[in-house]
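Naming: A, B, ... by sequence-line order, numbering from 1 per chain.
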Amino acid sequence: MNLFAEIRSLVIASLDDMVGAGELPAGLDTTNVAVEPPRDAAHGDMATNAAMVLAKPAGMQPRAIADALAARLAADPRIVTAEAAGPGFLNMRLAPSVWQGVVRSALKTGRDFGRSDLGKGVRVNVEFVSANPTGPMHVGHTRGAVFGDALAALLDFAGHEVTREYYINDGGAQVDVLARSAYERYREAHGLDPEIAEGLYPGDYLIPVGEALKAKFGDTLLNKPESEWLAEVRDFATAEMLQMIRDDLALLGVTMDVFTSEKAITASGRVEEAIDTLRGMGLIYEGTLEPPKGKLPEDWEEREQTLFRSTAHGDDVDRPVKKSDGSWTYFAPDIAYHWDKVSRGYDQLIDVLGADHGGYVKRLKAVVSALSNGRVPLEVKLIQLVKLFKNGEPFKMSKRAGTFVTLRDVVEQAGADVTRFVMLTRKNDAALDFDFDKVLEQSKDNPVFYVQYAHARVCSVIRKAAEAGIPADDAVLAAADLKKLSHDAELGLARKIAEWPRLVEIAARGQEPHRIAFYLYELASELHALWNRGNEDTSLRFVQEGDAPTSQAKIALARAAGVVISAGLGILGVTPAEEMR
RNA sequence: GGCCCCGUAGCUCAGGGGAUAGAGCGACCGCCUCCUAAGCGGUAGGUCAUAGGUUCGAAUCCUAUCGGGGCCGCCA
């Protein structure tokens with residue numbers, strides 16, 4: 001139940017009544033009428049801009065509309081006061097019973113409180129991570145993994161039918177490089193000196209792969225030309241790398257629904273099919289590209305090649321799908337892959353990519369637009385860099401030296417919960433500082449801890465109630481006499497809880513899981529504040545010794561906040577702590 | 001040369017058409033015989049990069065400019 005949506009319906013219905021009564025002209029567009037929490041709580045519980053939005057089309061003064069609307073709204077039992085203010089806002093105060101109802105609703109529906117049917121019937125594919133299967137996942141992948149997983153969970157919570165998908169780039173030259181690198185480790189496993197030439201992957205993580213190759217193939221691959229071992233070693237090493245990546249993802253609690261292999265797509269002839277389909281639309285042609293403007297690359301020369309007319313779908317220039325020697329470009333399998341996703345019947349595609357893929361976005365959108373006849377929107381979420389700090393000092397990673405910071409390093413040092421939460425406290429298109437010291441600090445400076453602590457306090461209250469002989473399980477709490485929740489400080493917490501379903505929809509619409517993290521921080525703050533009020537005013541404590549009914553009402557409120565924190569952390573993939581030790 | 005992201009308090013960042021622009025940190029002043037003070041309350045701190053435009057209304061949308069970062073060729 002989204003209280004704001006309910007009151008908006010009431011406002012719209014009241015506007016319709018006004019039209020019926022001749023107080024407003026018919027045919028007004030109400031899509032921009034909003035019901036929101038006012039910026040300043042002193043203005044009331046909810047505000048609508050209806051009068052300001054409609055004043056001009058209705059040819060009336062905002063104030064006149066607001067006053068007439070206020071009179072109608074005030075007749076509803078949920079609304080205590082409705083008054084025009086400022087430039088034409090209509091501020092409303094809601095009855096305590098409404099807030100009490102929110103608490104009860106949260107307790108009855110539990111962690112499903114706030115679930116939305118916003119995305120009902122919408123099939124969404126979220127593709128994320130898609131790291132090359134050539135090594136362990138590093139920090140950048142970690143953020144993409146966390147973001148994609150949380151976004152998927154958020155969309156699911158908002159009613160979408162979500163598929164989490166990983167695209168395995170196992171078809172390009174990089175897996176050949178992997179094979180050669182692994183082969184050197186295989187030689188090493190036989191006591192030979194590995195020759196890690198420039199361009200090969202130097203990381204130690206391939207040493208066990210070399211051992212495994214030895215265990216599987218013995219010495220049968222030694223001293224053979226590359227052509228005789230490349231395919232087998234490549235397949236073996238790729239599988240090993242993929243398993244390592246799955247293990248890395250598992251450390252973060254990320255599980256994919258679908259893995260799609262580039263190699264398999266290519267082998268199935270989907271690339272040709274996809275290009276032929278585009279050709280049938282007149283979007284493939286032979287031609288030459290304009291040289292890039294500005295500084296010319298030194299070896300630039302005009303060459304005729306097969307091009308995709310992506311400019312017909314919003315791109316800046318047409319893009320090559322074949323090199324001048326007739327082989328596919330990297331883009332071609334991507335076309336096939338996105339065509340594959342479109343043909344699987346999704347209503348919406350989301351690609352979570354590293355920010356270095358920025359130049360790729362328009363052509364991907366063009367592909368999906370063309371191949372779905374504009375039916376399927378593709379959203380590309382670019383994940384900006386993670387800057388790592390330790391002791392206040394940034395530390396660099398060097399892939400060349402094989403000394404990059406891996407996902408495993410981060411999770412082992414910071415823990416999965418902390419890593420996930422921190423990486424979700426920033427929107428995806430802003431760079432993120434990740435400071436190992438700050439992130440592990442157990443204080444209010446650390447939002448992870450702060451939110452966890454709020455949840456733990458709720459659990460503590462319930463334990464305390466049990467010790468005092470007051471039943472406080474969810475069924476009892478849901479049936480508590482919530483009319484006893486009347487203090488403004490208590491209703492304030494209930495108001496914050498009431499924002500949760502609305503926030504879920506806003507976050508899902510914007511595909512912005514970070515909003516969940518910020519909301520949870522605010523909710524935790526409200527709870528901590530109320531808690532402390534109990535230090536000064538004992539009547540505000542949750543547990544009132546010797547008064548079970550009052551205690552249960554207050555604990556119900558705390559528990560409702562706990563339920564929302566738990567649900568929100570669930571979306572972020574963070575475990576709600578029951579106690580802090 | 002073109003494209004993308006960012007520019008909001010001393011610092012780190014929310015807010016992305018609506019009222020007097022928010023939070024945390026840092027600074028300063030308070031609050032524990034009492035459910036976890038691992039917390040809470042308060043004070044100080046702003047030309048929302050700049051200049052135009054759209055609008056009843058702009059930090060928010062548009063254009064240009066200036067800063068910071070990233071990307072851009074038949075590479076993957």
Side-chain angles (χ1 to χ4, degrees), chain A residues 32 34 36 38-40 42-43 47 49 52-53 55-56 62 85-89 91 132 134 169 171-175 177 289-301 303 305-306 315-317 319-331 354-362 380 382 384-385 425-431 433 435 438 441-447 449-450 452-454 456-457 460-465 467-468 510 514-515 517-519 521-522 525 527-536 538 540-545 551 554-555 558 579-581:
Chain A
N32 287 328
E36 302 173 315
R39 192 194 285 272
D40 185 342
H43 291 136
N49 60 356
M52 289 182 291
V53 171
K56 197 170 184 184
F89 284 100
N91 293 326
N132 286 341
T134 55
N169 286 120
Q174 75 280 8
V175 285
V177 174
L289 285 173
E290 297 278 314
K293 291 178 177 133
K295 281 179 198 164
L296 264 190
E298 292 188 7
D299 55 350
W300 172 267
E301 56 182 87
R303 281 179 271 217
Q305 51 194 314
T306 307
D315 202 354
D316 304 316
V317 291
R319 304 293 179 175
V321 296
K322 269 189 185 176
K323 305 178 190 177
S324 52
D325 67 4
S327 64
W328 296 118
T329 63
Y330 180 79
F331 183 37
D356 55 342
H357 290 70
Y360 229 69
V361 174
K362 285 186 179 178
V380 180
L382 295 178
Q384 285 290 342
L385 286 177
T425 52
R426 202 106 312 169
K427 38 191 167 187
N428 59 288
D429 45 18
D433 290 350
D435 189 317
K438 285 187 183 168
E441 199 172 294
Q442 303 237 319
S443 77
K444 61 178 173 175
D445 308 355
N446 182 349
F449 175 80
Y450 188 81
Q452 293 275 30
Y453 185 34
R457 274 185 152 172
S460 160
V461 162
I462 291 169
R463 285 193 297 269
K464 203 80 188 175
E467 286 168 20
H514 75 276
R515 286 180 184 268
F518 280 94
Y519 169 83
Y521 185 86
E522 290 168 12
S525 182
L527 185 91
H528 287 310
L530 180 56
W531 181 286
N532 252 70
R533 295 283 298 264
N535 286 336
E536 303 153 14
T538 52
L540 284 175
R541 291 188 192 171
F542 296 106
V543 177
Q544 300 287 318
E545 302 252 357
S551 298
K554 291 172 183 294
I555 296 166
E579 56 183 347
M580 313 297 287
R581 293 285 177 211

Across all chains, not counting sequence neighbours, the salt bridge (Lys or Arg N to Asp or Glu O under 4.0 Å) partners of A:Glu522 are A:Lys496
For A:Leu382, is there any backbone N or O sitting under 3.5 Å from a side-chain donor or acceptor partner on A:Asn428?
yes
When rounded to whole Å, the CG to P distance for the pair A:Asn535 and B:C31 reads 13 Å
### Task
Return yes if some donor-acceptor pair links the side-chain N/O of A:Asn169 with the main-chain N/O of A:Asn132 below 3.5 Å, else return no.
no
Testing B:U36, B:C40, B:U12 for proximity to the side chain of A:His528, the answer is B:C40
Classified by glycosidic angle (syn within 90° of 0, else anti), B:C6 comes out anti
OP1 or OP2 of B:C75 versus the side-chain N and O atoms of A:Lys323: is any pair under 4.0 Å?
yes
A:Leu382 has its side chain closest, among B:A23, B:C4, B:G41, to B:C4
Read 5' to 3' with Watson-Crick or G-U pairs under 3.5 Å, [ ] for crossing pairs and | for partners on another strand, RNA chain B gives (((((((..((((....[...)))).(((((.......))))).....(((((..]....))))))))))))....
Using a cutoff of under 3.5 Å, can you pull out all pairs of nitrogen or oxygen atoms linking the protein to nucleotides 25-29 of chain B, with atom names and distances?
{"from": "B:C25", "atom 1": "OP1", "to": "A:Lys444", "atom 2": "NZ", "distance (Å)": "3.2"}

* To do: Start with the C-alpha distance between A:Tyr360 and A:Val380, add both sets of side-chain angles, then the distance that settles side chain to side chain contact (heavy atoms under 4.5 Å, CB included), and finish with yes or no.
  => CA-CA 10 Å; A:Tyr360 229 69; A:Val380 180; over 6 Å; no
Side-chain contact check for A:Asp356: nearest option of B:G39, B:C71, B:C35 is B:C71
A:Leu540 atom CG is separated from B:G39 atom C1', nearest whole Å, by 16 Å
Notebook entry, point to check: Given the P atoms of B:A14 and B:C6, what is the spacing between them in whole Å?
Noted result: 10 Å
Could you work out the separation of B:U43 and B:G22 based on their P atoms and round it to a whole Å?
13 Å
Between B:G26 and B:A38, how far apart are the two P atoms, rounded to whole Å? 15 Å
Sequence neighbours excluded, the answer for ring-ring contact (aromatic ring centres under 6.0 Å, His included) partners of A:Tyr450 is A:Tyr521, A:His528
ask   = Mind checking the C1' distance from B:A23 to B:C40? Whole angstroms is fine.
value = 15 Å
Quiz item: Expressed as a whole number of Å, how far does the P atom of B:C48 sit from that of B:C11?
Solution: 16 Å
With the side chain defined as heavy atoms from C-beta on, A:Ala529 is closest, among B:C35, B:A37, B:G41, to B:G41
Residues pairing under salt bridge (charged side-chain N to carboxylate O under 4.0 Å, His left out) where one sits in residues 319-331 of chain A, two or more places apart or in two chains, turn out to be A:Asp315-A:Arg319
Closest of B:G39, B:U36, B:G24 to the A:Asn532 side chain is B:G39
For nucleotides 14-22 of chain B, 5' to 3', base contacts (B), sugar-phosphate-only contacts (S) and non-contacts (-) with protein non-hydrogen atoms under 4.0 Å give SSB-BB-S-
Give a yes/no verdict on base stacking between B:G39 and A:Trp531: centres under 5.5 Å, planes within less than 30° of parallel.
no
Worksheet entry | A:Arg457/A:Trp531 under side chain to side chain contact (heavy atoms under 4.5 Å, CB included): CA gap, chis, key distance, verdict | CA-CA 9 Å; A:Arg457 274 185 152 172; A:Trp531 181 286; 3.4 Å; yes
From CG of A:Asn132 across to P of B:C75 the rounded distance in Å is 14 Å
All heavy atoms of A:Val461 vs all of A:Val543, minimum pair found to be O-CG2, 3.8 Å
* Quick one: is A:Ser460 getting a side-chain N or O under 4.0 Å of the B:U36 phosphate, OP1 or OP2? -> yes
B:A19 and B:G10: how far apart are their P atoms, nearest whole angstrom?
22 Å
